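Since this is a predicted model, take the numbers as computed values, not measurements. Just so we're on the same page: letters track the sequence lines, and every chain starts at 1.
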Number of protein chains: 2
Amino acid sequence: MKFEEAKRQFIQTWGTLGSEWGINRTMAQVHALLLIAPQPLSTDEIMEELQISRGNANMSLRDLVNWTLIRKELNPGERKEYFVAEKDIWEVARRIATERKRREIEPVKKILTQLKTVEGDQKKAEIKEFTQMMGQLGNFVGKMDKSVDMMMKADENWFFGTLLKLMK
Amino acid sequence: MKFEEAKRQFIQTWGTLGSEWGINRTMAQVHALLLIAPQPLSTDEIMEELQISRGNANMSLRDLVNWTLIRKELNPGERKEYFVAEKDIWEVARRIATERKRREIEPVKKILTQLKTVEGDQKKAEIKEFTQMMGQLGNFVGKMDKSVDMMMKADENWFFGTLLKLMK
DNA sequence: TTTAACTTTCAGTAAATATTGAAAGTACAG
DNA sequence: CTGTACTTTCAATATTTACTGAAAGTTAAA
């Protein structure tokens with residue numbers, strides 16, 4: 001396969017994967033482009049390569065910076081901003097996990113805790129079932145949460161090494 | 001908090017969480033409703049409770065059955081179909097992980113493997129960066145894949161027990 | 001200052017996704 | 001068979017989400 005084709009396909013694949021997991025397709029494509037860029041890219045280069053508008057490029061880049069998946073890089077004596085991606089995939093995974101935990105898991109955890117305290121007679125099947133399920137979910141989410149904390153601190157080889165050794 | 005309010009809030013929370021993770025909001029809400037139902041529910045009961053159309057209810061239920069998160073239940077001598085959810089949350093998590101792996105991770109893995117074989121001079125920075133990144137990603141996705149396989153076979157207490165013990 | 005090179009915003013529009021509901025399909029009881 | 005109690009489908013529509021591009025904002029060099 002030719003390089004240009006491979007690049008096109010990678011960007012497309014990454015975009016699709018992103019949108020399947022609730023991440024805006026264009027943002028994932030910009031990320032893909034920066035992941036394989038050997039040097040920092042400017043907004044104009046990204047617009048050109050992905051054929052997107054300035055507004056869209058700016059927004060995607062801002063979001064990626066907020067996710068800490070990319071950072072701005074400035075050349076001395078030049079106004080233009082360039083962007084570089086974090087290229088260590090384990091680090092990328094950790095940042096995504098951390099961010100999604102903070103934005104999505106923590107709020108759910110808090111709500112589940114509240115919902116466990118629902119008023120009503122535990123002898124009613126409805127209430128019993130509800131309380132039990134909130135308990136199970138709260139417990140599970142708590143464990144997931146702890147697992148992410150662990151991943152955040154861990155080194156890749158150690159993490160997968162330990163995990164996969166347990167499999168045998 | 002009153003039961004009706006807690007129920008409403010749980011269904012809403014679960015729907016939001018689903019849509020943040022690329023799962024149709026209504027499908028997640030139907031799932032939530034069945035998770036807390038002490039007995040099987042019919043399509044009409046679900047339509048009524050969530051205020052959705054017959055078509056939408058039918059489609060969401062079919063999808064949930066395909067994900068093996070719920071199953072049909074028939075009462076002898078009755079035409080109507082009822083639905084029950086798998087209530088063991090560890091089992092639910094495993095089924096979701098298995099399904100997403102199959103639908104989304106496996107195809108990406110296959111493509112990454114192909115993309116590693118891109119033609120071109122490894123001395124060119126572009127190609128070198130690309131090949132390296134495909135290698136890193138392929139490696140990472142492979143490990144995630146194996147971790148899910150492990151989870152599929154494991155018992156909840158053992159899995160989290162082992163994982164969280166490693167944290168200390 | 002002013003000008004110019006750049007970045008950000010956001011109202012309007014386009015595209016993607018989800019939902020409805022009525023018609024068609026299915027299968028069982030009589 | 002035939003009626004009826006259901007389930008499924010799908011074209012039309014509504015809703016949500018993403019994108020554009022021009023105007024406003026910012027910053028620094030002249």
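- Within a heavy-atom distance below 4.0 Å of DNA chain C, no residue of residues 8-19 of chain B is found.
- Side chains of B/Gln9 and B/Thr13: a donor-acceptor N/O pair is absent below 3.5 angstrom, by distance only.
- A close approach under 4.0 Å does not occur between any side-chain nitrogen or oxygen of A/Asn58 and OP1 or OP2 of D/dC19.
- Relative orientation of the B/Phe10 and A/Phe130 rings is perpendicular, given thresholds of 30° and 60° on the angle between their planes.
- For B/Arg8 and B/Glu5, the salt-bridge test passes: some basic side-chain N is under 4.0 Å from an acidic carboxylate O.
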Contact letters for nucleotides 21-30 of chain C, in which S counts primed atoms plus P, OP1 and OP2 and B counts the base, heavy atoms under 4.0 Å: B-----BB--

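- Rounded to an integer number of Å, the gap from OH of B/Tyr82 to C1' of D/dC6 is 12 Å.
- One can place CG of B/Asn24 at 11 Å from P of C/dT20, the figure rounded to the nearest angstrom.
- D/dT7 atom P lies 10 Å from atom CG of B/Leu61, rounded to whole Å.
- Ring geometry, A/Phe140 versus B/Phe160: the interplanar angle exceeds 60°, so the pair is classed perpendicular (tilted spans 30 to 60°).
- For C/dT17, the OP1/OP2 oxygens have no side-chain nitrogen or oxygen of B/Arg25 closer than 4.0 Å.
- Between B/Trp21 and A/Glu104, the side chains place a donor N or O and an acceptor N or O closer than 3.5 Å (distance only, hydrogens not considered).
- Ion pairing between A/Glu73 and A/Arg71 holds under the 4.0 Å rule for side-chain N and carboxylate O.
- Electrostatic pairing of B/Glu156 and A/Lys143 counts as a salt bridge here, judged by a charged N lying under 4.0 Å from a carboxylate O.
- With respect to the salt-bridge test (charged N to carboxylate O, under 4.0 angstrom), the residues A/Arg103 and A/Glu99 qualify.
- Atom pair B/Met59:CE and D/dT8:P shows a separation of 13 Å (rounding to whole Å applied).
- The listed nucleotides are D/dC19, C/dA18, C/dT7; the one nearest the side chain of A/Thr26 is D/dC19.
- A donor-acceptor pair shorter than 3.5 Å can be found between the side chains of B/Glu45 and B/Ser42.
- Heavy-atom nearest nucleotides on DNA chain D were determined for B/Lys80 and for A/Ser60, and the one closer to the 5' end corresponds to B/Lys80.
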